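Below you'll find the structure, written out as structure tokens, and then a few comments.
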Amino acid sequence: MPGQAQHPMLVQPTHDEAARQAFCQDMRSHLFGDVREGSRVVFENTAPKGQSYDKDAIRHAMQNNPYYRVFSACMRSTQELLWDSIIDSVERELPRIVGQYRATEATLGSLTLDPELAVPAYHTAADIHLQPGGYHTEFVDDDVSAGAIYDRAIYLYGAGKYGPYCDSMGRTLLEFLANERPEFGPKSILEMGCTSGNSLLCYHDAFPDAALHGIDVAAPCLRYAHARAEGVGVPVHFSQRDAAATGFEDECFDLVVSHLLFHETGRSAMTQIIAESRRLLRPGGIMLHLDLPTDSDLVDDYDSFLWDWEAYHNNETFCVVMRDLNYADEALAAGFRESEVGLKPAPFGWPILMGEKQ
Amino acid sequence: MTDAIARSAKGKRPQYFEDPACDKLHFMVMALIEELSVTRDRVDALERTLEREGVTSVAAVDGFEPTAADDAARSARRQDYIRRVTKCFADEVAQLEGARPALEFEEVVEVMRE
């Protein structure tokens, strides 16, 4: 499939695998676009009048509505078929990409794994966004499959809109930072929850002299990320750490970022991650966490109901808890001062939790 | 398909229909829609390799590399296919958004009696 940037770790689909993946991409785009938006028309015309509807009342009204039920079942099935179509390629290519990882020398960056690190319960309770095995499960020795699956999935999920390197979220934060703090020049950058490193590598373009660090709890993602970064030619130090308690020293980073991390964690983890972000920042350092809109950001209750699909049907279950939170309040609860914290809109509208340590 | 990597996600699958048997049938329909799309892409590759080379083979189809124009055509056809198989959703929205409300059967009968 044209469009995704090639690198030695990226799996190469056969004709039929690519056809299957393209179908899932296009079906998902259509369902998530036109069909999802059409459900609002259905609600407005079929929900009993004369009562007010919050997102829970909307969900009760719609969950037995035939349009919404079948739409929802189609979204769920398409998601499942998408993973299955990608795993076909990864499973077939697994010996090659494990070999590629094993042959990768840490020329530019490094990889430090911690087999003793406990994978948090929010990963093991259910497979997030229905990815079989989640981010963390190891199927073979030196497994890289979770990273390989994710790298391809992210591209298809966004139908190419995340860019050839699937780094649009990273570029979003960089664009935001350039506008908000044009003079800011970090020397050390940490991405929390780096997965395949897809959002992180573009920070090298913006700050070529900065040391990049990527952490994640998932070893198969980190092995893949390391080999991918070396293959693309970007120096990154990857390590297996929990963003809630990284083990880095106090005040050792200038910039701490994450891209769509929070909604795939849990209540206490989110607070700890924000507190840990502050601990790791030098005075004058900046924290930027980009994530999904909460209820306070969304246009109306119907939007909120639509977003809750991710929690009820896509194993992004923390969304349903996180939707009631305000990121700025959470930062204050985690130890940031009021003068240090701001909630800003990203260029495409989603919220960025910004913290500047004084 | 080998079995090195898990193929299903941990976590209870929601039930979408009153009869859980319908959930299985629905999934099979979605998978069939997918397989027909794959078959159509393969037929397209068969046609294009034959047109280009005058001969085709399993290897030629497996190794088919679409040009940018081929990809655009295949993509457009796939999206049109998806629009067709999901038309029931668009039809309901169009009906609800229609300038004139849809008449019930008896109302249409009354029109016919005039």
Side-chain angles (χ1 to χ4, degrees), chain A residues 1-2 14-16 18-20 22-24 26-27 29-31 34-35 37-39 41-42 44-46 66-67 69-74 76-81 83-85 87-88 90-92 94 124-134 137 139-140 145-146 149 312-313 315 317, chain B residues 1-18 22-23 26-31 33-42 44-45 61-68 70-72 74-75 78-83 85-86 88-97 101:
Chain A
M1 176 178 259
T14 62
H15 172 278
D16 288 7
R20 217 163 261 124
F23 168 79
C24 291
D26 288 354
M27 176 59 90
S29 291
H30 179 65
L31 291 172
D34 291 346
V35 182
E37 282 161 29
S39 74
V41 175
V42 172
E44 286 166 354
N45 283 274
T46 62
Y67 182 109
R69 270 181 159 188
V70 180
F71 151 71
S72 190
C74 288
R76 173 75 184 217
S77 298
T78 301
Q79 185 90 334
E80 291 166 338
L81 291 168
W83 293 115
D84 207 41
S85 73
I87 294 170
D88 282 343
V90 174
E91 205 162 59
R92 183 177 49 75
L94 196 53
T124 59
D127 285 340
I128 290 170
H129 54 232
L130 310 181
Q131 181 172 342
T137 305
F139 296 105
V140 296
S145 56
I149 292 165
Y312 288 97
H313 299 274
N315 282 359
T317 319
Chain B
M1 191 193 299
T2 62
D3 55 6
I5 301 174
R7 289 287 182 158
S8 63
K10 181 179 179 183
K12 193 168 184 329
R13 193 178 200 269
Q15 185 174 323
Y16 293 94
F17 305 103
E18 276 105 3
C22 289
D23 287 70
H26 176 269
F27 178 84
M28 291 174 75
V29 169
M30 293 300 291
I33 295 171
E34 179 188 50
E35 289 309 303
L36 188 56
S37 179
V38 173
T39 303
R40 189 60 199 274
D41 275 344
R42 202 165 173 87
D44 177 84
V61 175
D62 282 342
F64 172 66
E65 286 181 10
T67 63
D70 291 342
D71 256 330
R74 284 156 67 95
S75 183
R78 189 183 310 117
Q79 286 169 26
D80 188 60
Y81 167 76
I82 286 167
R83 184 193 60 77
V85 297
T86 59
C88 52
F89 294 107
D91 282 352
E92 182 170 346
V93 174
Q95 189 83 273
L96 291 169
E97 284 184 325

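Just so it is clear, the model here is predicted, and its values are computed rather than measured. Chain identifiers are assigned alphabetically (A, B, ...) following the order of the sequence lines, protein sequences preceding nucleic acid strands; residue numbering begins at 1 within each chain.
- Neither the backbone nor the side chain of A:D34 comes within contact range of chain B, judged by heavy atoms closer than 4.5 Å.
- Interface remark: of the candidates B:D41, B:T39, B:V38, B:V38 forms the most heavy-atom pairs closer than 4.5 Å to chain A.
- Neither the backbone nor the side chain of A:A146 comes within contact range of chain B; no heavy atoms are under 4.5 Å apart.
- At a threshold of 4.5 Å between non-hydrogen side-chain atoms, the residues A:T78 and A:F23 do not count as touching.
- Heavy atoms closer than 4.5 Å to chain B are found in both the backbone and the side chain of A:H313.
- Only the side chain of B:V85 comes within contact range of chain A, with at least one heavy atom under 4.5 Å from a heavy atom of that chain.
- The heavy-atom pair separating B:D23 from B:F17 by the smallest distance is OD1-N, 3.3 Å.
- Chain B forms the most heavy-atom pairs under 4.5 Å with one residue out of A:T317, A:N315, A:D16, A:V35, and that residue is A:D16.
- Ranked by heavy-atom pairs under 4.5 Å with chain A, the list B:T86, B:L96, B:V93 is led by B:L96.
- Here A:D88 pairs with B:R7 in a salt bridge; the nearest charged N to carboxylate O distance falls below 4.0 Å.
- Interface summary for chain B: among A:S72, A:G38, A:S145, A:C24, the most heavy-atom pairs under 4.5 angstrom belong to A:S72.
- The contact between A:V41 and chain B is made by backbone and side chain atoms together, counting heavy-atom distances below 4.5 Å.
- A distance of 6.0 Å or more separates the ring centres of B:H26 and B:Y16.
- Between A:T46 and A:Y67 the shortest side-chain heavy-atom distance does not fall below 4.5 Å.
- Ranked by non-hydrogen atom pairs under 4.5 Å with chain B, the options A:S77, A:S29, A:S39, A:A126 are led by A:S77.
- Taking chain B as the reference chain and counting heavy-atom pairs below 4.5 Å, the highest number among A:H30, A:Q131, A:E80, A:R76 is found for A:R76.
- For chain B, no part of A:T14 is nearby; none of its heavy atoms comes within less than 4.5 Å.
- Heavy atoms of other residues, nucleotides or ligands lying less than 6.0 angstrom from CD of A:E44 number more than 12.
- Formation of a donor-acceptor pair under 3.5 Å by the B:K10 side chain with backbone atoms of A:G133 is not found in this model.
- A donor-acceptor distance shorter than 3.5 angstrom exists from the side chain of B:D70 to the backbone of B:T67, with no hydrogens or angles considered.
- Residue contact with chain B, scored on non-hydrogen atoms closer than 4.5 Å, involves the backbone and the side chain of A:F71 alike.
- A distance-only check finds no donor-acceptor pair linking the side chain of A:W83 to the backbone of B:A9 [under 3.5 Å].
- Taking 4.0 Å as the cut-off between side-chain N and carboxylate O, B:E35 and B:R42 do not count as a salt-bridged pair.
- With chain A as partner, the option from B:E18, B:K12, B:R83 having the largest number of non-hydrogen pairs under 4.5 angstrom is B:E18.
- B:R13 touches chain A through backbone and side chain together, each having a heavy atom under 4.5 Å away.
- Interface remark: A:I149 contributes side-chain atoms only to the contact with chain B (heavy atom separation under 4.5 Å).
- Atom-to-atom distance recorded for A:D26:CG and B:S37:OG is 8.0 Å, nearest 0.5 angstrom.
- Using a 4.5 Å cut-off between heavy atoms, B:E34 contacts chain A through both its backbone and its side chain.
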